[in-house]
Each structure stands twice: as structure tokens, then as C-alpha cells.
Protein chains: 2
Amino acid sequence: MSERPSTPVHVTLDVVARRAGVSLATASRALNGTTRVREDLRRRVRAAADLLGYIPNAHAQALASASNNTVGLICHDVGDPYFAAIAGGVMRAAAEQDLLVMLASTFREPAREIAYVSTLRAQRARAILLIGSGFQDRAWERALAAELEPYLRAGGRVAVVSRHRTLRVDAVLPENRAGAAALAQALLALGHREFAVLSGPPELTTVTDRLAGFREGLAQGGITLGPDRVVHGAFTREGGHAAARELLARSTGPTCVFAVTDVMAVGALAAFREAGVQVPQDISLAGFDDIPLVRELTPPLTTVALPLTAMGQEVIALALREPRGPRSRVLRVGGEVVLRASTAPPATPLTGRTS
Amino acid sequence: MSERPSTPVHVTLDVVARRAGVSLATASRALNGTTRVREDLRRRVRAAADLLGYIPNAHAQALASASNNTVGLICHDVGDPYFAAIAGGVMRAAAEQDLLVMLASTFREPAREIAYVSTLRAQRARAILLIGSGFQDRAWERALAAELEPYLRAGGRVAVVSRHRTLRVDAVLPENRAGAAALAQALLALGHREFAVLSGPPELTTVTDRLAGFREGLAQGGITLGPDRVVHGAFTREGGHAAARELLARSTGPTCVFAVTDVMAVGALAAFREAGVQVPQDISLAGFDDIPLVRELTPPLTTVALPLTAMGQEVIALALREPRGPRSRVLRVGGEVVLRASTAPPATPLTGRTS
DNA sequence: CTCCTCTGGGAAAACGCTTTCAGAAAGCGC
DNA sequence: GCGCTTTCTGAAAGCGTTTTCCCAGAGGAG
């Protein structure tokens with residue numbers, strides 16, 4: 001019967017070698033070009049390989065040579081434009097260096113993150129890239145560090161983007177504080193005095209940094225942010241939407257709102273629109289990140305622009321750069337305040353009014 | 001000196017086995033749970049493995065067991081929100097099934113696509129997922145098919161999303177024609193009679209399908225689309241932008257524009273804004289796909305909504321579904337016309353006027 | 001012509017696991 | 001007590017490469 005496949009599933013190197021009339025060893029050397037092989041033999045092997053459609057088994061190669069050209073990329077959710085943009089940069093750089101990227105989305109579950117690190121360790125990935133804010137939960141971060149530490153010792157490379165430095169690894173860090181501070185100043189310069197912040201989960205380091213920076217910037221203008229002016233929400237469009245609604249419900253009357261993330265700002269914009277609050281006439285809105293589509297919004301969103309694609313390219317370069325000295329390297333990338341139409345001077349110039 | 005690492009880099013299974021006082025075989029069985037192992041031995045092995053921080057070598061496992069739980073995902077560019085959304089769905093499904101996803105971005109170069117298929121073959125990926133329109137270039141498609149065919153014969157699974165059926169593989173196909181036709185009808189119903197299309201590269205099948213569908217829909221209303229009313233551009237925001245400018249330059253005065261892709265529509269919207277053309281007052285604009293942010297635009301974009309995340313989940317399910325009968329399966333997903341504020345009745349009701 | 005150094009090729013030993021194949025131990029009916 | 005299953009365990013044979021290690025032969029020097 002045709003039950004049992006008579007043809008072996010994959011062409012292996014020794015078939016190629018036999019066909020070319022050389023030994024297995026020579027065939028391997030001919031194809032990899034590590035050692036000199038007589039030119040005619042090399043050609044015979046190549047011809048046989050092509051003829052037979054030989055595809056080397058990457059697992060066998062990795063096992064035998066203990067080498068590997070895959071890197072792991074762990075982010076919260078590739079579907080999110082922020083991560084997608086960074087991932088795009090990583091892919092670009094990976095393609096140039098013939099690296100294969102194993103992608104992992106944690107969907108914001110710390111346990112999944114750790115599990116993925118473990119999986120990538122098992123895959124003997126050359127590098128593990130962690131994109132995005134870590135979890136403030138001490139226990140998880142420790143567990144992660146414990147998982148990463150033996151990997152590093154075994155020669156693995158780890159680099160992070162936008163993640164707090166609890167881990168001693170190379171990092172691409174946006175200037176969250178400075179960027180938020182600069183934004184605050186720009187908003188002050190527009191004449192705003194009454195601010196509110198749509199903040200993300202307070203356990204994310206990115207959030208605390210941006211919040212702190214924003215406060216610093218405001219402080220330069222003598223403004224402080226009352227606790228009733230900070231609303232926390234999830235790091236998503238819906239989170240921003242809900243936070244904005246909550247803010248409106250409190251009706252403390254800020255003239256300017258800073259959403260710590262563009263994605264949240266998008267949700268906030270929708271919430272404002274639904275509530276009949278006009279941006280920027282009634283309220284100014286600013287975000288952070290400059291993800292691809294926010295400049296297309298109406299009004300286009302004022303934000304702090306981060307070079308997301310470049311950050312993706314940098315993080316992989318950083319991870320793979322050879323002289324991994326004793327100390328970890330940090331590449332700080334500046335955020336540039338981009339004033340767009342979502343921010344404008346406040347409607348009523350509040351000259352020296354005390355709330 | 002401390003030159004040579006005295007500690008072996010990785011803990012291997014036989015170290016674990018020795019530590020637990022059992023044989024290599026038993027240790028393997030204890031950890032994998034394939035065969036019954038006496039409970040106390042199993043516990044000893046587990047304890048030893050945990051103590052030593054044992055991480056199995058996935059390559060060795062794959063080699064020895066000829067199994068593998070990785071799938072490859074090939075798309076044009078993960079940075080593009082369209083692909084990002086689908087990839088997000090794939091990741092979700094993959095996480096649930098403990099599959100590791102190897103991601104590849106072709107950056108729209110056919111050669112790279114084929115190279116990636118080859119790489120994924122070498123990795124012995126369980127499945128290869130191709131997302132996005134194929135290349136019309138016959139030679140490339142043939143080369144791709146030639147690369148895929150032995151993979152399929154070797155038991156590999158291939159599934160595509162939104163890719164023309166030159167390949168005999170499982171597919172998730174959006175109803176491009178029907179969706180575009182429905183959109184055309186909806187636009188006709190608004191009262192439009194003068195249309196234009198911002199089309200993508202004519203060699204992409206998605207483009208031709210949507211264009212044909214749109215024409216069909218218009219034909220129902222007795223409208224035909226002159227060649228001067230179709231502008232081709234790249235499948236990107238910039239492509240849409242350029243195409244829209246070109247259209248305006250031709251000044252043939254359509255009241256309604258259909259961009260075959262939301263991403264292009266976004267570019268068009270920007271171009272219109274720059275040119276002082278108001279949407280929808282001066283011109284109505286519609287897209288296709290319903291990528292995440294277009295509902296947030298002002299005006300929110302009328303489009304044909306595709307369940308992108310679900311499509312990603314479906315394609316991986318399709319690829320892995322067991323009874324791969326002789327014929328390939330096709331999952332058609334409908335596009336739903338979503339009328340938003342970017343379309344409105346034309347300013348001047350053109351009652352029966354002939355251009 | 002012999003000895004020595006190179007070059008290049010083949011045999012075989014890893015690489016770290018899974019899995020087959022027996023064999024030992026234990027339980028059971030008679 | 002004896003044979004017969006049943007369970008488990010261990011030895012060893014792969015899986016498909018790379019990479020020693022070693023040897024044959026070629027070429028040069030003396």
C-alpha cells in the first residue's frame with residue numbers, strides 16, 4: 001500500500017555526499033566554506049545539494065556547532081502600534097544580519113514573560129530582547145532576573161527597551177523624565193495652569209518616570225499636580241478612554257491633559273469627543289511616543305516623539321555588539337516635543353486665579 | 001588563570017540524571033511524562049532539575065524527536081498596523097497552544113520572502129504562515145511554490161491570509177470583491193456618482209480584487225470608472241498621499257474616493273487636508289481593512305471592516321488543523337461596511353447630470 | 001633519493017536529547 | 001512454587017550536523 005512513505009522526508013547531508021562521491025565531512029566543509037576544499041569537489045557537492053533540494057537541518061547544525069542565529073523578542077503585544085513600530089525596527093536590523101527573530105507576546109502577564117524567557121533559553125537564542133515597561137511587582141522582576149542570570153552567564157545577550165534598570169543589562173532608554181518635563185514646559189508656555197494626567201498602571205516604571213518628569217516640568221512653573229488630577233488606567237486605548245471619562249466625571253476643570261502614552265491619548269480623544277468636549281478649544285491633549293498614526297488624528301496629537309523604529313534597530317545592535325564589557329551599556333534616546341494641533345492656549349487666560 | 005571556563009555552560013540531562021541517581025532515559029521520561037515513571041523517581045528528577053536549573057536543549061529535542069513546536073510567520077512588515085493586527089491574533093493563538101512564532105518581514109522583496117521560507121524549512125517549522133498579498137510576478141510566485149512544495153510533501157503546513165490562490169494551500173481570504181462592491185453600493189446610496197480610486201500596486205492581487213469589486217458595485221448603479229479615475233500608488237501611507245495628490249492634480253472632480261487600503265486612506269486624508277480639501281464636505285473618503293486607529297481619525301474613516309485579529313487566530317488554527325484532506329480549505333471572512341463620518345452625501349446633488 | 005612540511009579528505013567522535021529494545025522486578029492465578 | 005503478564009528501568013541506538021584527529025599524497029629542501 002502507499003501507507004508507508006518510501007521516500008525519506010528530508011534529504012540529509014550524507015545523501016548529498018554520497019551523490020557527490022565525497023565523504024560526509026567534505027560535503028559539510030564544501031557547503032559551509034569553513035575549510036578549504038578542492039574547487040571541483042566543492043562544485044560537485046553544491047550541484048548535488050541543489051539537485052536534491054538539500055536543506056540543512058538547523059537543529060542539527062545548532063546542536064553540533066553550538067551556534068545559532070536566532071534572537072528572541074519579547075513584548076507585551078505586537079498588535080499594539082507602539083510595540084509594532086519597535087518590532088519593525090528589530091526586524092529590519094535582523095534581516096540585515098541574517099538573524100531569525102522569535103517573537104513572543106506576553107499580553108501583559110508576567111508569568112508568560114518568564115515562561116518565554118525560559119523557552120528562548122531552551123532555544124539557545126543568541127539574544128533576548130525585552131521591549132516595554134517591566135512589572136513593578138518585585139517578585140516577578142526577581143523571578144525574571146533569576147531566569148536571565150544563568151542565561152547571561154552562559155553567554156546569552158540581553159537587551160531591553162524602555163524598561164527600568166532593575167536588570168543589569170544593556171538598554172535603550174527613552175528619556176521619559178526629560179521628555180515629559182519638556183512637554184510640561186511647552187504646555188506651560190502655551191499658558192496652561194490647570195493640568196491633569198491620564199496615567200497608566202502605577203506599577204509600570206515608564207508610567208512613574210513620565211509622571212515624575214511631568215511633575216518636574218510643572219514645578220518649574222510653580223505648578224503642582226493634585227492627587228485628584230491624576231487618573232490611572234490601563235495602558236491601552238480603552239484604558240485611556242475610561243481614564244478620560246473618570247477625569248471628566250471628577251470635573252475638576254483642567255485645561256490641559258497629558259496622557260502618558262499615545263495609545264491612551266487616542267482613547268482619551270475619543271472619550272472627549274463623545275462627551276462633547278472639544279480638543280483643543282475646551283481642553284488640550286498631549287501624549288507620548290508619537291506612534292505612527294497620531295499625527296493623522298484630528299486634531300493631530302501633540303506628543304513627545306520617540307524614534308521607535310530606530311530604537312528597535314539599536315536594541316538588537318546593542319545586544320549583539322561584541323565587547324560586552326563588565327558594565328552594561330545604556331543608550332539614551334531623547335524624546336522630542338512635537339507640538340501639534342491638539343494643544344492650544346487655554347480658552348480663558350487664567351491670570352493668577354487660584355482654584 | 002580564569003581563562004578557561006571550568007563550569008560547563010549548560011546543565012545537560014545526564015547531569016540531572018546522575019544527580020537524581022537514575023539513568024538518562026528515566027530522567028527524560030520523568031520530565032516529559034511520556035511514559036509512566038515511579039512517582040518517587042519522578043520527584044527526585046524534578047528536584048534535581050530544578051536545583052540545577054536544567055533547561056532542555058530545544059535543538060537536541062527537536063533533532064531526537066523530529067518534533068517541533070515553532071511556526072513561521074511571514075508578512076511584509078510588522079510595523080504596518082495591518083500586519084501588526086493580524087500578527088497579534090497569531091500570537092494570541094500561538095500562546096494558547098504553546099507554539100513559538102518565528103517572525104519574518106519581507107519588506108516587500110520577493111527574494112526575501114523565498115529566503116525566509118527556506119530558513120523556516122531549515123528550522124523544521126511546523127507551519128509556515130504567509131500574510132498578505134502575493135507578488136503578481138509569475139516567476140517569483142513559481143519560485144515560492146517550488147520552495148513550498150517539498151515542504152508540504154515533508155508534512156509541513158502552509159496557510160495564507162489574504163493571498164491569491166496561486167498556491168494550493170489553506171487560506172483565510174477576506175471577501176475583497178464583495179466587500180468593495182458593498183462599499184460601492186453604500187456610497188452610491190449616499191448619492192455619489194463621481195468616483196475615484198486610490199489603488200495599490202496593480203500587481204498585488206488584493207488590489208485587483210478590491211478594484212474589480214468596487215467596479216462591480218458601481219456597475220450596479222450604472223456607473224463606470226474611467227481610467228483617469230484610478231491612481232496607483234504604493235501600499236503605504238506615503239503611497240496613498242502621493243496618489244491623492246496626483247488625483248487632485250488631475251482635477252477630474254470626483255465627489256467620492258475609495259482607497260483600497262486604510263493605510264493609503266490615511267495618507268490620502270493627509271493630502272486632502274494639506275490641499276485644503278475638506279472631508280467629507282468637499283470629498284468623501286473610504287478605505288478598506290478597518291485597521292485599529294482609523295476610527296479615531298477625524299473624520300472617522302468609512303471602511304470595510306475585516307476581523308484582523310480573528311483572521312490571525314484562524315490562519316494558525318487552519319494550518320494546524322489535523323485532517324488536511326486532499327483539497328485545501330478556504331475560510332472566507334466577510335468585510336462589513338462601516339459608514340463613518342468620512343463619507344457623506346455629495347455637496348451638490350448631481351441629479352442625472354452627465355459629465 | 002630521503003626526510004619533512006603542507007594540504008586536503010575521510011573516519012569517527014561529539015552535540016544533548018528521545019525512543020526502542022530488552023531485561024529486572026513485581027504481582028497474579030493456578 | 002511456576003510461569004505469565006505488567007510495570008518500570010537502563011543500555012544503547014539513533015537524530016543530522018560539525019569538528020576533531022589522523023593519514024595519504026604532493027611538493028621542497030638537502
Side-chain angles (χ1 to χ4, degrees), chain A residues 5 7-46 48-49 52-70 119 121-125 154-155, chain B residues 5 7-46 48-49 52-70 119 121-125 154-155:
Chain A
T7 327
V9 183
H10 294 283
V11 178
T12 60
L13 189 54
D14 64 359
V15 175
V16 174
R18 204 140 39 216
R19 176 101 194 191
V22 299
S23 78
L24 186 59
T26 303
S28 171
R29 288 190 274 245
L31 293 178
N32 296 319
T34 49
T35 317
R36 285 216 58 74
V37 171
R38 226 169 54 218
E39 192 49 33
D40 60 323
L41 289 192
R42 176 186 306 281
R43 263 202 293 272
R44 285 225 308 269
V45 173
R46 269 253 61 90
L52 298 169
Y54 170 69
I55 299 261
N57 183 321
H59 297 299
Q61 290 190 154
L63 188 59
S65 67
S67 80
N68 189 313
N69 43 203
T70 62
T119 302
R121 285 227 276 154
Q123 298 284 339
R124 301 294 188 260
Chain B
T7 326
V9 183
H10 293 284
V11 178
T12 59
L13 189 55
D14 65 359
V15 175
V16 174
R18 204 141 40 216
R19 177 101 194 191
V22 299
S23 76
L24 185 59
T26 304
S28 171
R29 289 190 274 246
L31 294 178
N32 297 320
T34 50
T35 317
R36 287 214 58 73
V37 171
R38 224 169 57 219
E39 192 49 34
D40 59 322
L41 290 192
R42 177 187 305 282
R43 263 202 293 273
R44 284 223 311 266
V45 173
R46 268 253 62 90
L52 298 169
Y54 169 69
I55 299 263
N57 183 322
H59 297 299
Q61 289 189 160
L63 189 58
S65 66
S67 79
N68 188 314
N69 43 202
T70 62
T119 302
R121 285 226 275 153
Q123 297 286 340
R124 301 295 187 259

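Residue numbers begin at 1 in each chain, while the letters A, B, ... track the order of the sequences.
Between B:Arg36 and the phosphate of D:dT7, there is no side-chain N or O to OP1/OP2 separation shorter than 4.0 Å. Residue A:Ser28 places none of its side-chain N or O atoms closer than 4.0 Å to OP1 or OP2 of D:dT17. Between D:dG10 and B:Thr26, a contact under 4.0 Å exists linking OP1 or OP2 to a side-chain N or O. Note on B:Arg38: every side-chain N or O is 4.0 Å or more away from OP1 and OP2 of D:dT7.
Between B:Arg124 and B:Ser23, the residue anchored closer to the 5' end of DNA chain D is B:Ser23, taking for each the nucleotide with the nearest heavy atom. Toward the 5' end of DNA chain D, the nearer of the two residues B:Thr35 and A:Asn32, judged by each one's closest nucleotide, is B:Thr35.
With sequence neighbours excluded, no residue forms a salt bridge (Lys or Arg N to Asp or Glu O under 4.0 Å) with B:Arg124.
B:Asp14 contributes no side-chain N or O that, together with a main-chain N or O of B:Ala17, makes up a donor-acceptor pair within less than 3.5 Å. Under the 3.5 Å distance criterion, the side-chain polar atoms of A:Asn68 are matched with a main-chain donor or acceptor of A:Gln123. Under the 3.5 Å distance criterion, the side-chain polar atoms of A:Arg29 are left unmatched by any main-chain donor or acceptor of A:Thr35. The main-chain N or O of A:Ala48 is never found under 3.5 Å from a side-chain atom of A:Arg19 such that the two would form a donor-acceptor pair. With A:Ser65 contributing its side chain and A:Gln61 its backbone, the two residues share a donor-acceptor pair below 3.5 Å.
At the heavy-atom level, A:Thr12 lies under 4.0 Å from the strands shown only through sugar-phosphate atoms. Base contact: A:Leu24 has a heavy atom under 4.0 Å from a base atom.
Between B:Leu41 atom CG and D:dG10 atom C1' there is a gap of 12 Å when expressed in whole angstrom units. Rounded to a whole Å, the CG atom of A:Asp14 is 13 Å from the P atom of D:dG14.
Here the range on DNA chain C touched by chain B, meaning any atom under 4.0 Å from one of its heavy atoms, is C:dG16 to C:dT20.
For the atom pair OG1 (A:Thr70) and NE2 (B:His59), the distance works out to 6.0 Å, reported to the nearest 0.5 Å.
For the segment residues 58-68 of chain A, residues with any heavy atom less than 4.0 angstrom from an atom of DNA chain C are, sorted by number, A:Leu63, A:Ala64.
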Output, in order, the C-alpha distance, side-chain angles, deciding distance and verdict of side-chain contact (heavy atoms from CB on, under 4.5 Å) for A:Thr26 and A:Val37. CA-CA 7 Å; A:Thr26 303; A:Val37 171; 4.1 Å; yes
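The minimum heavy-atom distance linking A:Leu31 with A:Tyr54 is given by the pair CD1-CE2, 3.6 Å.
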